[in-house]
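If you're wondering where the values come from, they're calculated on a predicted model, not measured in any experiment.
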Number of protein chains: 2
Amino acid sequence: MTAKSIRARVRDELTSEIKAIARRQLATEGANLSLRAVARELGMVSSAVYRYFPSRDDLLTALIIDCYDELGAAAETAESAVDRADLLGRWLAAGHGIRDWALANPAEYALIYGSPVPGYQAPRTTIGPAARTTDLILTLLADGVAAGTVAVPAAGTDPPLSPLLAAELDRIAALACPTVPRELLSRGTTAWIQLFGVVTFELFGRFQNMIEEGRRDFFDRQLRVMAAYVGLR
Amino acid sequence: MTAKSIRARVRDELTSEIKAIARRQLATEGANLSLRAVARELGMVSSAVYRYFPSRDDLLTALIIDCYDELGAAAETAESAVDRADLLGRWLAAGHGIRDWALANPAEYALIYGSPVPGYQAPRTTIGPAARTTDLILTLLADGVAAGTVAVPAAGTDPPLSPLLAAELDRIAALACPTVPRELLSRGTTAWIQLFGVVTFELFGRFQNMIEEGRRDFFDRQLRVMAAYVGLR
DNA sequence: CACTGTCAAGAGCAGTGCTCTCGTTTTGTT
DNA sequence: AACAAAACGAGAGCACTGCTCTTGACAGTG
């Protein structure tokens with residue numbers, strides 16, 4: 001009833017300040033950021049930070065959730081600016097939104113899409129925010145199916161689906177996008193992997209001495225290749 | 001002239017033993033392996049290890065080179081077992097060779113294809129071993145061009161190449177695979193990214209709760225989708 | 001007022017990468 | 001064979017890390 005106590009307010013403020021400083025250090029130190037360094041920059045003693053995050057992993061988890069949410073939001077706002085009927089435009093906007101965020105926050109992208117930390121197991125609370133980008137793409141497909149602006153591939157065009165794989169695709173479709181036919185979901189998954197594959201390659205330095213100036217062009221073209229494969233129009 | 005001195009033999013032996021122990025610890029500790037722990041397991045004192053590797057980063061570099069070489073060798077031996085004229089078979093063999101090695105050595109794969117370590121800059125000595133897998137694919141394409149068993153895509157089929165991107169592709173082709181036309185190289189690059197994109201997604205846990213049992217089937221199918229796109233036959 | 005829970009601070013533990021020194025052993029050269 | 005140079009393992013030490021525990025001060029509630 002009563003407004004938040006002073007304590008609670010200060011606590012929330014300090015919590016987000018800790019996360020902000022940690023985010024800044026993430027850029028220079030990578031995943032092995034130092035809780036003590038964060039505390040030092042805050043003018044606190046390291047043990048005090050443990051009042052707010054019970055362990056370094058919990059701080060990392062909080063950062064991961066924030067990053068997933070930021071990336072998801074970036075993709076969504078970019079995509080939402082495009083006419084709903086323009087599937088290709090929405091796909092391009094979402095893709096570039098993801099890439100732009102990743103380029104602006106490379107350490108954060110590495111945190112969520114990079115190598116898993118050996119001892120670290122991502123808690124369940126991360127899967128929701130993590131699903132935002134994939135949900136965006138699935139919604140795109142579902143909208144295309146509803147509007148008839150996406151080509152459902154004829155059977156036999158793609159390599160055959162093993163029964164095992166078909167069952168798994170059906171299971172995914174059933175609980176995420178029931179209107180999307182199996183073959184289309186399969187193609188969408190390919191495009192989804194390609195999207196993040198290109199971004200990951202670019203950020204992790206696999207394009208060095210290969211594609212230098214034309215990276216944005218290259219990414220854009222990959223998006224269009226995949227859009228054509230999926231049948232967006 | 002003279003045989004290696006005892007010192008040199010012992011040194012070589014210890015050097016590879018250090019690397020072997022480090023490799024084993026890599027599996028459990030990930031990229032932040034401890035030089036002291038390696039020394040401890042060796043029954044040496046930490047400062048003694050510095051006689052063999054001037055820093056922890058140098059140890060990591062040595063491991064990275066070894067891993068690139070192992071991965072390259074695994075892909076090459078898998079691919080070399082297939083009839084030279086069977087381009088699709090060679091592509092599938094190389095792809096599965098890469099994935100099999102990655103599944104057998106996940107920490108090592110993360111080391112070379114995962115998030116870049118913030119302070120670490122890969123020295124030039126790594127680019128040779130790193131190029132083995134891509135060379136394999138480029139040779140595949142060149143062989144296909146020579147034998148006429150790969151379809152060179154007609155102009156206008158794919159989204160247009162920007163002049164910038166076309167120039168970079170030409171530069172790559174000129175010094176790596178002069179006989180491969182630009183459009184084919186472009187498609188090959190797409191396939192190359194998809195290959196490693198799928199492996200990376202699988203190893204970094206992006207398929208959890210999505211594709212579980214059918215991962216090998218899924219990978220195989222992605223390889224075939226890409227083979228069809230590239231025009232291998 | 002007193003009580004309860006929260007907080008920052010400090011000391012301390014075990015671990016890390018790395019440097020320097022010290023005595024010993026091996027090597028290559030007179 | 002003798003000797004200087006190089007290489008080597010061990011140890012101490014520095015500054016750093018994540019984390020725990022204790023202590024004393026403060027705020028919120030009855």
Ser55(A) side-chain N/O to dG18(D) phosphate OP1/OP2 under 4.0 Å
no
Spell out yes or no: do the side chain of [X] and the base of [N] have one donor N/O and one acceptor N/O closer than 3.5 Å?
X	N	answer
Arg51(A)	dT6(C)	no
Ser47(B)	dA10(D)	yes
Arg36(B)	dG17(C)	yes

Distance, rounded to the nearest Å, where [X] contributes [atom1] and [N] contributes [atom2]:
X	N	atom1	atom2	answer
Asn32(A)	dG18(D)	CG	P	9 Å
Tyr50(A)	dA9(C)	OH	C1'	15 Å
Asp12(B)	dC8(D)	CG	P	10 Å
Glu13(A)	dC7(C)	CD	C1'	16 Å
Tyr52(B)	dC18(C)	OH	C1'	18 Å
Phe53(A)	dA8(C)	CZ	P	13 Å
Arg56(A)	dT16(C)	CZ	C1'	13 Å
Arg11(A)	dG5(C)	CZ	P	15 Å

Find which nucleotide of DNA chain D each of Ser46(B) and Asp57(A) is nearest to by heavy atoms, and output the residue with the more 5' nucleotide.
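The residue closer to the strand's 5' end, by nearest nucleotide, is Ser46(B).
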Quick one: on DNA chain C, does Met44(A) or Ile6(B) contact a more 5' nucleotide (nearest heavy atom)?
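On the 5' side of the pair lies Met44(A).
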5'-most contact on DNA chain C (nearest-nucleotide basis), Ala37(B) vs Val45(A), goes to Val45(A)
With heavy atoms under 4.0 Å as the rule, sort Leu59(B) into base, sugar-phosphate or nothing.
nothing
Under 4.0 angstrom, heavy atoms only, what part of the nucleic acid is Leu42(B) near: base, sugar-phosphate, or nothing?
nothing
Arg7(B) side-chain proximity, nearest of dT26(C), dG17(C), dG18(D):
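Shortest atom-to-atom distance from the side chain points to dT26(C).
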Output yes when [X] and [Y] qualify as a salt bridge under the 4.0 Å nitrogen-oxygen rule, no when they do not.
X	Y	value
Asp143(A)	Arg90(A)	yes
Arg23(B)	Glu70(B)	yes
Asp217(B)	Arg221(B)	no

Matching residue for Arg56(A) among Thr61(A), Leu35(A), Val38(A) - test: side chain to side chain contact (heavy atoms under 4.5 Å, CB included)
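Passing option: Leu35(A).
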Between Phe201(B) and Tyr113(A), what is the ring plane arrangement, given parallel below 30°, perpendicular above 60°, and tilted in between?
parallel
